[in-house]
Amino acid sequence: MPIPIASKLPKVGTTIFSRMSALAEEHSAINLSQGFPDFDAHPALCEGMARHVRAGNNQYAPMPGVLRLRELIAAQIQHYRRVSCDPESEITVVPGATEGLFCAIMALVCKGDEVIVLDPCYDSYEPAVELAGGRAVHVPLTAGSFALDWERLTAAVNASTRMIIINSPHNPSGATLTAEDLRQLEHLAEQHDLLILSDEVYEHLVFDDREHHSVLQFPALRARSIAVFSFGKTYSVTGWKTGYCVAPPALTAELRKVHQFVSFVAVTPVQLAIADFMQEYPDYPATLPAFYQAKRDLFCSALQTSRFGLTPSAGTYFQLLDYSAITQQPDTALAEQWTRDHHIAAIPVSVFYAAPPAQHVLRFCFAKNDDVLLQAAEVLCAI
Ligand code: GLN
């Protein structure tokens with residue numbers, strides 16, 4: 001007789017990213033589903049990693065992260081966002097943004113708290129809220145533009161609301177929040193004494209001369225926010241699973257109480273290699289908008305003769321394609337079918353909603369070599 005197990009997450013299965021990547025591999029499909037670059041990181045970063053492993057830097061780092069790395073993160077925030085942060089009390093290096101988000105939610109959401117998430121929302125938020133004993137309240141972004149719907153957001157706030165989770169640039173839509181959005185959020189959060197968890201992992205991937213607006217740049221917002229970042233995105237090393245959280249000292253102290261018992265520390269040689277790279281190439285993040293915008297534009301212009309509808313992404317390395325002129329099939333079944341039949345894999349967007357709207361869109365990752373993007377576009381143009 002198997003042991004009866006009462007699942008803590010009865011609705012949760014294997015993530016769509018794992019499922020689509022596995023299906024892509026099984027069918028030798030071009031994999032534009034799960035978000036990761038198919039090109040290597042900067043050679044200096046890889047050499048740094050090898051150097052630190054060989055030099056014997058293979059034991060535990062300090063719990064909040066290697067101090068030199070935290071100092072360099074503070075310098076980078078100062079440079080790009082014009083905000084000063086204390087590396088000792090406000091910055092925590094974590095083994096991936098996923099862990100940082102999880103620890104922030106575990107540390108700050110209590111039983112019965114409501115947490116507002118904006119659909120389509122990244123898949124790791126709600127399970128963490130549920131494990132913390134809270135309840136995710138889903139507020140959809142505006143259909144089509146994926147802009148924040150202020151009327152619906154404001155209406156969803158009540159006395160049980162503890163936190164709002166935002167994500168800009170936004171996965172999966174590529175939309176970005178405006179400075180005015182953050183000003184309004186600052187007002188709403190102050191009015192109702194809310195915490196903000198701000199997922200900014202794509203902070204450097206913004207296009208067409210847009211600026212990324214961080215919660216760190218709005219003083220009253222910053223005082224009640226945890227901002228989460230990922231080196232995986234910025235330095236094209238998603239497999240290195242390293243990121244950091246920035247929050248005021250009191251919130252950081254609570255975050256670290258959980259972090260130290262979830263993973264204790266992030267990986268030492270990774271932290272040292274990233275620190276060396278940040279010191280040697282401080283301007284590297286500033287090269288990313290042009291680099292990824294060129295990929296977005298290549299992919300979008302190669303799709304001009306296709307039957308897909310598209311609005312070029314404002315940020316991230318994802319492009320949504322509307323396939324309603326081709327078929328009205330549901331997106332999850334279609335993504336699977338196209339992986340098998342056309343050897344092209346994408347992510348269905350409906351899985352990121354509590355109540356999916358009547359839309360027909362798939363998400364394609366353009367963090368790929370140009371020849372792969374052109375090959376993918378050729379396949380898509382023939383559908
Ligand atoms: N964030 C990545 C994406 O959106 C995937 C990360 C994961 O597989 N969990 O595709």
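Numbering of ligands and ligand atoms starts at 1, following listing order. Heavy atoms only: backbone and side chains are in, while hydrogens, waters and symmetry mates are out.
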Checklist entry - Heavy-atom distance under 4.5 Å between the side chains of Cys300 and Phe366, does that happen here? => result no
Checklist entry - For ligand 1, does Tyr122 get within less than 4.0 Å through its side chain, its backbone, both, or neither, judged by non-hydrogen atoms? => result side chain
Item to check | Nitrogen or oxygen atoms of Thr15 and ligand 1 under 3.5 Å apart | outcome: no
Checklist entry - In terms of atom number and element, which parts of ligand 1 are under 4.0 angstrom from non-hydrogen atoms of Gln34? => result 5 (C), 7 (C), 8 (O), 10 (O)
Checklist entry - Can His52 and Gln271 be said to form a side-chain hydrogen bond (donor to acceptor under 3.5 Å, both in side chains), step by step? => result CA-CA 10 Å; His52 282 292; Gln271 294 189 57; over 6 Å; no
Checklist entry - When the ring centroid of Tyr292 is compared with that of Phe207, is the distance short of 6.0 Å? => result no
Checklist entry - Is the NZ or CZ atom of Lys233 positioned over Phe36's six-membered ring, under 6.0 angstrom from the centre and within 45° of the axis? => result no
Checklist entry - Any idea which part of Lys233 is under 4.0 Å from ligand 1, heavy-atom wise: side chain, backbone, both or neither? => result side chain
Next on the checklist: With the threshold set at under 4.0 angstrom, would you say Phe36 reaches ligand 1 through any of its heavy atoms?
Outcome noted: no
Item to check | Location of contacts on Met20 toward ligand 1, heavy atoms closer than 4.0 Å | outcome: neither
Next on the checklist: Taking the six-membered ring of Phe299 as reference, does the cationic atom of Lys295 (NZ for Lys, CZ for Arg) lie under 6.0 Å from its centre and within 45° of its axis?
Outcome noted: no
Next on the checklist: Side chains of Thr154 and Gln184, heavy atoms from C-beta outward: is any pair under 4.5 Å?
Outcome noted: no
Checklist entry - Purely on distance, is any nitrogen or oxygen of Gly35 under 3.5 Å from one on ligand 1? => result yes
Checklist entry - For atom 7 (C) of ligand 1, what's the nearest protein heavy atom and its distance? => result Phe17 CD1, 3.6 Å
